[in-house]
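Only a predicted model underlies this, so the values are computations on that prediction, with no experimental measurement involved.
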Amino acid sequence: MSKGGESGVREGRSGRQSASTFPNRFIPLYYQLENILRSKIEGGEVLLNHKLPTEQELSREYKISRATVRQALAALVSEGLLFRKQGKGTFVTEKASQTKSVKLTGFTEDLFSEGHQAEVKIMEICAVPAPERVATVLRVPAGEEVIRFKRLRSVDGGPFSYVLNYLVPEIGEQISERDLQSHTMLHLLEEKLGISLGTIRHSVESVKANIEVASLLGISVFEPVLYMETAVYSAEGKAVEVVDSFFRSDRYRYTVELIRSQQLRKDRAKRR
């Protein structure tokens with residue numbers, strides 16, 4: 001595993017990192033740098049076709065290894081926000097002015113990036129028969145054993161969500177309670193198990209809280225909660241994880257931002 005997967009405040013090759021630049025010890029450094037650069041690009045701080053500082057210069061500026069910088073830049077190149085010219089450097093693409101990216105992130109990663117204090121309580125890790133819906137997504141026979149993780153998430157001191165993660169045994173058995181106390185599930189799948197993640201699919205609806213959900217979230221039975229079914233797939237398209245999440249509706253808001261492509265506008269104008 002490359003040094004790009006490092007997390008926490010460590011000594012970089014060129015000195016100690018700034019805690020204010022990388023404040024979240026649970027999130028890999030390359031991912032935090034990737035988001036910093038993406039924000040600058042999409043916010044217009046770095047102009048289109050502008051050349052970025054070299055890997056060495058970024059390494060010195062952010063006091064992290066060049067391997068970490070390289071991994072962050074590679075992700076942005078893959079996303080289409082940057083492009084490389086052999087022997088000349090890395091530049092911002094035209095695409096950066098047309099779209100904003102939707103990133104596959106973990107819930108806790110999102111909260112940390114927004115400055116909240118998030119805690120996770122591991123309630124249970126056990127083998128259970130796969131419910132039919134879970135079995136269908138994971139492509140295992142219904143009733144075959146899978147590993148289920150039960151977790152209660154709290155934000156800023158109050159209950160926020162109740163989450164059940166289902167994974168096939170060969171994956172789930174490699175993840176411990178100790179792992180989940182200090183890392184997100186997505187981080188463990190990528191960094192500990194080396195799984196390259198791809199698509200994430202959400203299905204969101206309002207449901208009534210049953211006794212278990214209500215007692216854990218500190219609400220009344222039958223009170224509406226936001227229920228989210230999630231399927232996470234590898235870069236090769238294989239289902240890796242199924243997640244059932246119950247959120248307190250008074251504390252959670254789900255927002256999707258859609259940007260209309262400038263190229264689409266040009267195409268429509270030509271047809272007029």
Side-chain angles (χ1 to χ4, degrees), residues 1-106 108-115 182-200 232 234-236 257 259 262:
M1 186 180 300
S2 72
K3 290 186 179 181
E6 60 190 316
S7 61
V9 178
R10 298 182 184 175
E11 291 280 351
R13 290 181 180 177
S14 54
R16 179 170 294 278
Q17 298 167 13
S18 167
S20 60
T21 303
F22 300 109
N24 305 321
R25 65 188 182 90
F26 296 129
I27 302 177
L29 293 178
Y30 79 88
Y31 182 80
Q32 295 189 63
L33 177 60
E34 180 186 335
N35 280 330
I36 289 171
L37 296 176
R38 182 185 297 103
S39 295
K40 289 186 175 183
I41 292 169
E42 294 179 342
E45 292 184 47
V46 184
L47 301 179
L48 301 182
N49 297 313
H50 182 80
K51 180 181 176 182
L52 264 64
T54 66
E55 290 179 2
Q56 186 173 4
E57 289 169 339
L58 288 170
S59 175
R60 284 199 301 264
E61 178 181 355
Y62 291 100
K63 298 182 175 58
I64 53 179
S65 71
R66 288 184 64 178
T68 300
V69 172
R70 192 174 302 119
Q71 191 170 356
L73 294 178
L76 295 173
V77 169
S78 176
E79 195 173 305
L81 295 181
L82 300 178
F83 69 95
R84 291 192 173 107
K85 287 185 180 179
Q86 185 67 33
K88 293 183 180 287
T90 304
F91 299 80
V92 179
T93 68
E94 292 288 341
K95 177 182 175 181
S97 68
Q98 300 173 10
T99 63
K100 287 193 176 181
S101 306
V102 177
K103 291 292 292 179
L104 172 58
T105 62
T108 308
E109 293 171 342
D110 292 334
L111 288 173
F112 277 134
S113 68
E114 295 171 5
S182 55
H183 296 289
T184 67
M185 183 69 80
L186 292 183
H187 175 89
L188 294 170
L189 291 173
E190 289 183 309
E191 302 301 326
K192 180 178 180 178
L193 304 186
I195 299 173
S196 296
L197 299 182
T199 302
I200 182 170
V232 178
S234 70
E236 294 76 31
E257 181 176 350
I259 308 293
Q262 291 183 7

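Taking CG of L73 as the start and CZ of R66 as the end, the distance is 10.5 Å to the nearest 0.5 Å. Q71 CD to E55 CD: the interatomic distance, rounded to the nearest 0.5 Å, is 11.5 Å. To the nearest 0.5 Å, atoms OH (Y62) and CG (L29) are separated by 13.0 Å. In this structure, Y31 OH and E190 CD are separated by 9.0 Å, a value rounded to the nearest 0.5 Å. Going from atom CD of E57 over to atom CD of E61 covers 9.0 Å, rounded to the nearest 0.5 Å.
You'll find the side chain of T90 stays beyond 4.5 Å of the side chain of L76, heavy atoms only. L58 has its side chain out of reach of L33: every pair of non-hydrogen atoms, C-beta onward, lies at least 4.5 Å apart. Within the 4.5 Å cutoff, the side chain of L81 has no heavy atoms near those of the L37 side chain.
Closest of all the heavy-atom pairs between V92 and F83 is O-CE2, 3.5 Å. The two residues S59 and S65 come nearest to each other via the heavy atoms OG-C, 3.8 Å. Taking each heavy atom of I195 and S234 in turn, the nearest pair found is CG2-CB, 4.2 Å. The two residues E34 and A72 come nearest to each other via the heavy atoms N-CB, 3.8 Å.
In this structure, K51 contributes its side chain and K88 its backbone to a donor-acceptor pair below 3.5 Å.
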